[in-house]
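Reading through the structure tokens given below for one structure.
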Amino acid sequence: MAGNQYDFADKHAVVTGGASGIGLAIAHLLSAGGAVVSLWDHNAEVLKKAQAGFAGREVHGVTVDVSDEASVAAAVAQSETHGGTVQILVNSAGITGPNKTVCDYSVEDWDKVMAVNLRGTFLCCRALAPGMTTSGYGRIINIASIAGKEGNPNASAYSASKAAVIGLTKSLGKELAKTGVTVNCVTPAAVHTAIFDQMTQQHIDYMLSKIPMGRFGQTEEVAALVGWLASPDCSFTTGGTFDISGGRATY
Ligand code: NAD
């Protein structure tokens with residue numbers, strides 16, 4: 001797919017969940033623009049395969065659990081040793097949790113989804129934003145979901161976690177508004193990636209049925225939107241929520 005190119009030379013980007021799907025496509029776009037990329041993922045095997053696809057470009061893989069404070073601190077140390085101060089953070093690590101009604105949802109599953117999607121995003125922002133504010137430049141992009149705006153049935157923990165990521169983005173965007181660091185999020189509708197393996201076919205069919213364009217999004221389409229949000233051109237936009245939903249978003 002052809003696309004706009006941005007100049008990310010001299011930038012160090014961390015992409016959580018960067019070994020797969022949307023995060024991997026974003027990592028490729030950043031890398032193609034000249035960024036040193038650190039892929040943060042907890043799946044070491046998928047991470048290794050993903051790294052091999054960058055053919056000679058500078059990509060550093062870090063095995064990390066974004067929901068764990070100590071693991072995130074260790075990942076920051078490893079990445080900074082490799083690529084210096086981080087100027088771009090993309091929080092794409094995420095899980096769906098089971099497709100069950102609220103009444104059938106276990107506390108354990110609820111906590112797990114919140115830990116990865118919300119606490120993980122919070123921990124990575126908290127760990128990397130100070131280096132950006134000190135240097136006076138940074139771009140943070142959180143991958144939320146249309147589920148966070150609309151609330152998908154049988155996906156309450158996921159929907160609530162993504163609504164919370166939108167709220168976190170707004171708060172942090174305002175907190176950092178005068179620092180040169182922008183913080184925005186995107187809210188994709190369904191994109192066919194490995195995350196579909198975590199959902200029921202019925203739920204996947206439901207998500208597709210809600211998209212007026214009648215198709216799933218593509219990882220490269222999400223990356224194209226994130227490319228601008230990660231670039232220096234995104235200089236007067238912060239705390240924003242950007243839809244990429246084939247027409248599903250209604251506000
Ligand atoms: P994916 O499963 O292909 O990628 C997610 C990656 O996150 C995986 O590589 C996984 O190993 C990693 N990960 C999971 N838990 C982690 C943890 N605790 N620590 C570190 N890494 C962890 O899925 P994707 O579709 O690329 O999803 C990326 C993001 O986009 C997620 O936040 C997801 O909620 C969001 N999103 C996806 C869709 C979609 O339909 N695919 C739609 C809207 C939003």
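Whatever order the structure lists ligands and atoms in, that order sets their numbers, starting from 1.
K11 and E58 are not joined by a salt bridge, as no carboxylate oxygen comes within less than 4.0 angstrom of a charged side-chain nitrogen. Under a 4.0 Å N-O distance rule, the pair K149/D243 qualifies as a salt bridge.
Side-chain contact annotation: S31 with R57, donor-acceptor N/O pair under 3.5 Å present. Using modelled atom types and a 3.5 Å distance limit, the side chains of T169 and N142 yield a donor-acceptor pair. Using a 3.5 Å distance cut-off with no hydrogens or angles, the side chains of S161 and N117 do pair a donor with an acceptor.
Checked against salt bridge (Lys or Arg N to Asp or Glu O under 4.0 Å), E69 has the following partners two or more places apart in sequence or in another chain: R126.
Around ligand 1 you find G17, S20, G21, I22, D41, H42, N43, V64, D65, V66, S92, A93, G94, I95, V116, I143, A144, S145, Y158, K162, P188, A189, A190, V191, T193, A194, I195, F196, each with a heavy-atom distance below 4.0 Å.
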